[in-house]
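Please read the structure below before turning to the comments.
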Number of protein chains: 2
Amino acid sequence: MNIGQAAKASGVTAKMIRYYETIGLITPADRTESNYRVYGTDDVHTLRFIKRARTLGFSMDETSALLGLWQDKSRASADVKRIATDHITELEHKITELQEMADTLKHLVHCCSGDDRPNCPILTQLAGADT
Amino acid sequence: MNIGQAAKASGVTAKMIRYYETIGLITPADRTESNYRVYGTDDVHTLRFIKRARTLGFSMDETSALLGLWQDKSRASADVKRIATDHITELEHKITELQEMADTLKHLVHCCSGDDRPNCPILTQLAGADT
DNA sequence: CTTGACCTTACCATGATGGGAAGCCTTAGC
DNA sequence: GCTAAGGCTTCCCATCATGGTAAGGTCAAG
């Protein structure tokens, strides 16, 4: 299978497959005589694994760790669970931050008449006034 | 006032003040004979405005637009309000995405025994199995 | 006059991805 | 067998906002 077919089969772009190879996330693919990368079904499974981890927001480092544990048949599930719970903590931290931004803005938007006059509490707040 | 003092007074690093100047977000500062940038209280107010907008998650483009409206005394508050509501929509979209990731992971973590045995539903899910 | 703290510009790095160019290879149609 | 289209290769650049560092000029206090 060529890189394009592996990309279609896995949902990872050819560009990213090459990138994953250069950073050592996946082992370098075998090559044909004409230097084309060759992939098998196992490789596609690995790429799908990576794709799912990324979709769940795991960083490349976390994904790499998860991949290693996946391939280590004698792993302890506690190690996997720790990575996942740490990631949940990160996600919830980000959610809280974004939620605070949104709440502040919603309050300001609620106070803004939004007409053709210049008076605007949103700008007043950004300017740092007490009002 | 030198750039370092302006940085302290505004909460924006000297590095970022220079960057904002190069991308045209702020007008180039006057210089002393020895080529040092000089800032006044108005400049510090502008930098604080930018800092607050960034803290609320506005992009540089949005911040630039807000800055322009702030400085335009004949603005319509509707223009400000539109930028803010659009940004709230973006924020809520991101929150939803992150929340979905966290929810999925929480479910998986709940199902994982997290001991020294290898069996792990988190990896099983990432591998794409039906279970 | 020296020392240390500050300023200047210029370049590199981040993280994960996309885009494009230049050149080689393969496959399908004629 | 020839040609055109499309796929593959590597290499370089861009994103977005920020931080770091290095080499060199400037200023103020002792």
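To find a chain, count down the sequence lines: A is the first, B the second, and so on, and within it residues start at 1.
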Which atom names give the shortest non-hydrogen contact between B:L67 and B:F49, and what distance separates them? CD1-CD2, 3.5 Å

B:T124 side-chain N/O to B:C120 backbone N/O, donor-acceptor pair under 3.5 Å: yes

Given atom CG of B:N35 and atom P of D:dC27, what is their separation to the nearest angstrom? 11 Å

Over how many whole Å does the gap from B:I23 atom CD1 to D:dC16 atom C1' extend? 10 Å

Figure out the CG/C1' separation between A:N2 and D:dT9, and round it to whole Å. 12 Å

Does a nitrogen or oxygen in the side chain of A:S34 sit under 4.0 Å from OP1 or OP2 of C:dT26? yes

Just the rounded figure in Å: distance from P of D:dG6 to NZ of A:K8. 12 Å

Nearest-angstrom distance from the residue atom CD of A:E33 to P of C:dC25: 11 Å

Do A:K94 and B:E97 meet the salt-bridge criterion of a basic N to acidic O distance under 4.0 Å? no

Is any side-chain N or O of A:R31 closer than 4.0 Å to OP1 or OP2 of D:dT10? yes

So if I define the base as every atom that isn't primed, P, OP1 or OP2, how would nucleotides 10-22 of chain C read as a B/S/- string at a heavy-atom cutoff under 4.0 Å? B-----BBSBB--

Treat each ILVMFWY residue as a node, draw an edge where side-chain heavy atoms are under 4.5 Å apart, and state whether B:I95 and A:L56 are in one component. yes

Could you state the CD-P distance from B:E21 to D:dA17, rounded to the nearest angstrom? 18 Å

Whole-Å gap separating P (D:dA17) and CG (B:L25): 10 Å

side-chain contact (heavy atoms from CB on, under 4.5 Å) between A:L126 and A:L108: does it pass, once the steps are laid out? CA-CA 10 Å; A:L126 286 172; A:L108 291 172; over 6 Å; no

A:M101 side, atom CE; B:F58 side, atom CZ - distance, nearest 0.5 Å: 10.0 Å

Quick check: closest heavy atoms across A:S77 and B:N119, and the distance to 0.1 Å? CB-O, 3.4 Å

Using OP1 and OP2 only, check whether a side-chain N or O of B:R37 sits under 4.0 Å from D:dT26. no

What's the OH-C1' distance between A:Y36 and C:dG23, to the nearest Å? 11 Å

